[in-house]
Amino acid sequence: MSEDLEAILSLIERHNEWRGRECINLIASENVTSPLVNAVYLSDAMHRYAEGLPFKRFYQGTRYIDELEVRASKLFASLFEAGYADLRPISGTIANATVFTAFGKAGEAAAVLPLSGGAHVSHSEYGILGRLGLKPVQMPIIRDELIPDVDEAVSLIRKASPKLVVLGASVIIFPHPVKEIAEASEEVGAKLIFDAAHVLGLIAGGVYPNPLKEGAHLITTSTHKTFPGPQGGAILTNSEEIYRKVSRLVFPVFVSNHHLHRLAALGVAALELREYGRDYAGQIVRNARRLAEALCERGFKVLGEGKGFTRTHQVLLDVRGDGGGDRCARKLEEANIIVNKNILPWDDPSEIRNLSGIRIGVQEVTRLGMKEGDMDEVAEFIYQVVKLGKDAEEVRRRVMEFRKGFTRVHYAFEASSERIGKLTKLLLS
Ligand SMILES: Cc1ncc(COP(=O)(O)O)c(C=O)c1O
């Protein structure tokens with residue numbers, strides 16, 4: 001075996017062991033897929049092309065893929081009580097790019113949240129929205145809650161007459177006021193887009209309001225954060241006209257082939273949420289709240305305290321008094337606790353070395369079976385590293401021991417090893 005080959009194999013083995021077995025992963029934008037999702041993902045479909053829409057492809061050989069895509073899209077639509085779902089965008093950013101292109105033109109205004117108020121970079125001047133020449137106008141936010149200030153947002157929308165209004169965010173601890181902002185968007189003829197990348201699994205589980213029911217015209221999303229699917233994107237809407245317009249842009253403008261092995265995996269993940277979504281999403285929010293309380297009890301400054309800290313999977317810490325986000329995140333990594341430094345409303349987006357926040361998400365540890373009592377232990381590990389400055393190696397040893405109790409993916413179908421073997425046999429022999 002060549003040295004390069006050996007290095008590649010051992011790097012990925014090491015990665016799998018470390019991130020998959022030895023760390024407490026609290027990155028809010030990640031998750032783990034179930035064995036059955038993994039088994040259908042690892043399929044011959046990953047080798048194939050299917051440009052266009054089901055049964056109207058540019059390639060032959062897609063008869064099963066066509067049926068799969070129709071079925072998975074229907075499942076997705078029904079899970080979110082939407083009329084239409086397009087699963088072809090290969091990421092959340094591509095879903096946003098498609099929708100922004102469909103409904104905005106260079107020079108037109110788009111009402112968005114500020115980056116320091118939680119918006120994703122694709123909603124900003126630095127991302128695809130800006131690159132398309134759209135002019136972001138920023139809706140002010142309530143700082144401690146990271147939600148738009150309704151009165152100010154409504155008056156801005158009336159004044160700026162944007163073509164697009166974008167809600168939903170990367171940093172989100174409370175539901176956004178979709179209903180109130182939908183009325184103002186309607187008045188000026190803007191399309192209201194809710195970017196559900198972070199909260200999609202919570203919507204499926206009924207613990208976060210469904211934006212389509214509150215007046216959003218479209219949902220754009222990733223499929224791998226609280227929604228425990230393969231990495232990718234999707235667009236949902238109730239309007240046939242919007243669906244047709246968007247779907248004519250997904251292909252041929254934003255994807256050629258849409259990574260077909262995602263389709264069966266998305267279908268299985270949607271079924272897992274249909275079956276177990278309520279328990280899963282309810283436990284996520286209970287865990288997030290308990291973790292926030294436990295951190296607050298240990299002297300951390302946790303955002304949203306006045307409203308019970310969080311109603312999502314996220315917990316936000318202001319660690320300015322603990323050396324800042326960058327320093328805390330690095331120290332925690334040494335102890336195998338993985339979080340990211342994050343911008344908070346008072347930070348300057350261009351000063352990425354100097355951010356005051358830590359963003360925590362509990363969706364992955366919830367899927368691995370952690371409950372409220374375990375959140376106390378997680379808070380204690382974080383406290384020992386950040387506040388007490390305990391030796392990272394000592395905490396790491398205890399984190400690894402603790403992590404041994406959480407190796408199985410919950411809220412997922414049991415599949416026999418024969419079935420998993422049958423599904424993956426072709427590719428693994
Ligand atoms: C709100 C939001 N939208 C879009 C995206 C982009 O998703 P993707 O990484 O799938 O392109 C993210 C990613 O973190 C996000 O947080």
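Starting from 1, each residue takes its place in the sequence as its number. Both ligands and their constituent atoms are indexed starting at 1 by order of listing.
Residue-to-ligand polar distances place Lys225 within reach of ligand 1: an N/O pair is separated by less than 3.5 Å. Residue Ser29 places no N or O, backbone or side chain, under 3.5 Å from any N or O of ligand 1. Residue Ser122 has no nitrogen or oxygen atom sitting less than 3.5 Å from a nitrogen or oxygen atom of ligand 1, judged on distance alone.
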His217 and Ile193: side chain to side chain contact (heavy atoms under 4.5 Å, CB included), yes or no, with the steps? CA-CA 6 Å; His217 297 101; Ile193 298 152; over 6 Å; no

Steps toward side chain to side chain donor-acceptor pair (under 3.5 Å) verdict (Glu364, Asn25): CA-CA 7 Å; Glu364 180 168 329; Asn25 187 40; 2.7 Å; yes

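Protein heavy atom at the shortest distance from atom 11 (O) of ligand 1 is Thr93 OG1, 2.7 Å. In this structure, the protein non-hydrogen atom closest to atom 16 (O) of ligand 1 is Ser170 OG, 2.7 Å. Residue, atom and distance of the protein heavy atom nearest to atom 8 (P) of ligand 1 are Gly92 N, 3.5 Å. Closest to atom 7 (O) of ligand 1 among all protein heavy atoms lies Ser222 OG, 3.0 Å. Closest to atom 3 (N) of ligand 1, if we only count protein heavy atoms, is Asp195 OD2, 2.6 Å.
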Please list every donor-acceptor pair under 3.5 Å in which a side-chain atom of residues 82-91 meets a protein atom from a residue at least two apart or in another chain.
residue, atom, partner, partner atom, Å
Asp86, OD1, Arg88, N, 2.9
Asp86, OD1, Arg88, NE, 3.0
Asp86, OD2, Arg88, NE, 3.4
Asp86, OD2, Arg88, NH2, 2.8
Arg88, NH1, Gly52, O, 3.2
Arg88, NH2, Ser247, O, 3.1
Ser91, OG, Thr93, N, 3.3
Ser91, OG, Ile94, N, 3.1

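Of the inter-residue distances, the one linking Thr221 atom OG1 with Lys225 atom NZ reads 8.0 Å to the nearest 0.5 angstrom.
Residue His224 places a heavy atom under 4.0 Å from ligand 1. Ligand 1 is never approached by Gly168 to a heavy-atom distance shorter than 4.0 Å.
At a heavy-atom cutoff of 4.0 Å, ligand 1 is contacted by the side chain of Ala197 but not by its backbone. Heavy atoms of His198 found under 4.0 angstrom from ligand 1 belong exclusively to the side chain. Of all the heavy atoms of Ala119, none lies under 4.0 Å from any atom of ligand 1, so neither backbone nor side chain is involved.
Note on Lys159 versus Glu152: no salt bridge recorded, every NZ/NE/NH1/NH2 to OD/OE distance being 4.0 Å or above. A salt bridge does not link Lys245 to Glu241: none of the charged nitrogens lies less than 4.0 Å from a carboxylate oxygen.
Aromatic ring orientation, Phe80 versus Phe227: tilted (interplanar angle from 30° to 60°).
By the 6.0 Å contact criterion, CZ on Arg286 is enclosed, its count of non-hydrogen atoms from other residues, nucleotides or ligands being greater than 12. More than 12 heavy atoms of other residues, nucleotides or ligands sit less than 6.0 Å from atom NZ of Lys387.
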